[in-house]
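A short write-up of the structure that comes next.
Basis for what follows: all heavy atoms, side chains included, without hydrogens, waters or symmetry-related copies.
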Amino acid sequence: TRPCAPAAPVWSDSWRPERDGFMGVFLLVILVVVGLDQASKLWIVHHFTLYDSQAVIPGFFNLTYLTNNGAAFSILAGQPALWRQTFFIGAASVALVLILIARRGYASQSGWYNLALALIAGGAIGNLIDRIRLGHVIDFLDFHVGASHWPAFNVADSAITVGVVLFILRNLVFDRR
């Protein structure tokens with residue numbers, strides 16, 4: 001009998017996208033994130049009116065239709081619309097170019113980088129679509145404990161956050177060795 005090879009750990013470097021041809025995975029993750037983000041926002045717009053809220057888990061999680069003219073936590077929301085839109089669209093465009101450049105270097109090291117960068121890019125594109133199409137971002141995920149609410153967010157924001165966390169964890173787990 002032949003001995004079995006041990007399974008690679010979850011964070012293993014054996015998942016290398018360039019070797020396995022993961023550019024398709026990168027693009028697929030982006031398309032899935034953008035699709036889920038835009039579909040969820042469309043559903044909210046068709047089933048809620050602005051500021052409507054529906055408890056999903058009472059005392060913890062609501063679906064609440066909000067718009068955000070600013071960035072995270074409504075940063076820059078009070079600035080003039082033309083300046084704000086130009087800034088956010090430009091910043092998102094530059095970020096997407098930087099993600100593509102970073103992918104060329106990082107993705108060959110690990111599939112986790114590939115996944116992280118795809119999640120970040122998909123989230124950036126999802127919110128960019130809203131800014132170009134509507135002039136604001138639609139937020140609807142509202143977590144809270146009693147009267148203390150975390151700022152509402154959306155699927156794109158979640159993808160960006162998960163992507164950043166994956167990227168940082170990948171660096172902490174392997175690059176510190």
Requested in this report: Just do the side-chain contact (heavy atoms from CB on, under 4.5 Å) check on Leu31 and Phe26 with the steps written out, would you?
Outcome: CA-CA 9 Å; Leu31 289 174; Phe26 180 76; over 6 Å; no
**Report entry** Leu98 side, atom CG; Ser93 side, atom OG - distance, nearest 0.5 Å
**Finding:** 11.0 Å
Report task. Write down the atom of Val33, the atom of Ala159, and the distance for their closest heavy-atom approach. Result -> CG1-CB, 3.6 Å
Query raised in the report: Can you name the nearest heavy-atom pair linking Leu141 to Phe61, along with the distance?
Result: CD2-CZ, 3.7 Å
Report task. Report yes if the side chains of Lys41 and Asp37 come closer than 4.5 Å at any heavy-atom pair, otherwise no. Result -> yes
**Report entry** Cluster check Ile57, Phe48: I/L/V/M/F/W/Y, side chain < 4.5 angstrom
**Finding:** yes
Requested in this report: Say whether Phe153 and Leu42 are linked into one hydrophobic cluster, either directly or through other cluster members, by side-chain heavy-atom distances under 4.5 angstrom.
Outcome: no
Query raised in the report: If two hydrophobic side chains count as joined below 4.5 Å and joins carry through other members, does Leu36 share a cluster with Leu28?
Result: yes
Query - Where Ile160 and Ala124 come nearest, the two heavy atoms and their spacing - result: CD1-N, 3.7 Å
Report summary line: Shortest non-hydrogen pair, Gln38 vs Gly126, comes out as NE2-O, 3.0 Å
Query - Distance-only donor-acceptor check, side chains Asn154 and Asn68, under 3.5 Å - result: no
Query raised in the report: How long is the gap from CG on Asn62 to CZ on Phe140, to the nearest 0.5 Å?
Result: 13.0 Å
Requested in this report: Test Leu96 against Leu128 for side-chain contact (heavy atoms from CB on, under 4.5 Å), laying out the working first.
Outcome: CA-CA 10 Å; Leu96 288 168; Leu128 181 60; 4.1 Å; yes
**Report entry** Whether His149 and His144 hold their rings parallel, tilted or perpendicular, with breakpoints at 30° and 60°
**Finding:** parallel
Query raised in the report: Does the separation of the ring centres of Tyr113 and Phe167 fall below 6.0 angstrom?
Result: yes
Query - Full working for side-chain contact (heavy atoms from CB on, under 4.5 Å) between Asp157 and Asp139 - result: CA-CA 9 Å; Asp157 299 333; Asp139 289 328; 3.5 Å; yes
Query raised in the report: Are any of the side-chain heavy atoms of Thr67 and Tyr65 separated by less than 4.5 Å?
Result: yes
**Report entry** Sub-4.5 Å side-chain heavy-atom contact between Leu63 and Asp142
**Finding:** no
Report task. Begin from the C-alpha positions of Ile99 and Ile120 and carry the test side-chain contact (heavy atoms from CB on, under 4.5 Å) through to its verdict. Result -> CA-CA 8 Å; Ile99 287 168; Ile120 296 166; 3.5 Å; yes
Report summary line: Scanning both residues in full, the closest heavy-atom pair of Ala156 with Gly123 reads CB-O, 3.3 Å
Report task. First locate atom CG of Leu117, then atom CD1 of Ile30, and finally report the distance between them rounded to the nearest 0.5 Å. Result -> 9.0 Å
Query raised in the report: Would you call Met23 and Arg103 a side-chain contact if the rule is heavy atoms closer than 4.5 Å?
Result: yes
Query raised in the report: Can Ile125 be reached from Val94 by stepping across I, L, V, M, F, W or Y side chains whose heavy atoms are under 4.5 Å apart?
Result: no
Query raised in the report: Any link between Val97 and Leu27 through a network of hydrophobic side chains (Ile, Leu, Val, Met, Phe, Trp, Tyr) touching at under 4.5 Å?
Result: no
Report summary line: Nearest heavy-atom contact between Asn69 and Gly135 is OD1-O, 3.9 Å
Query - Between CG on residue Asp52 and CD on residue Gln54, distance to nearest 0.5 Å - result: 9.0 Å
Report task. Working to the nearest 0.5 Å, report the span between CG of Leu166 and CG of Asn114. Result -> 11.5 Å
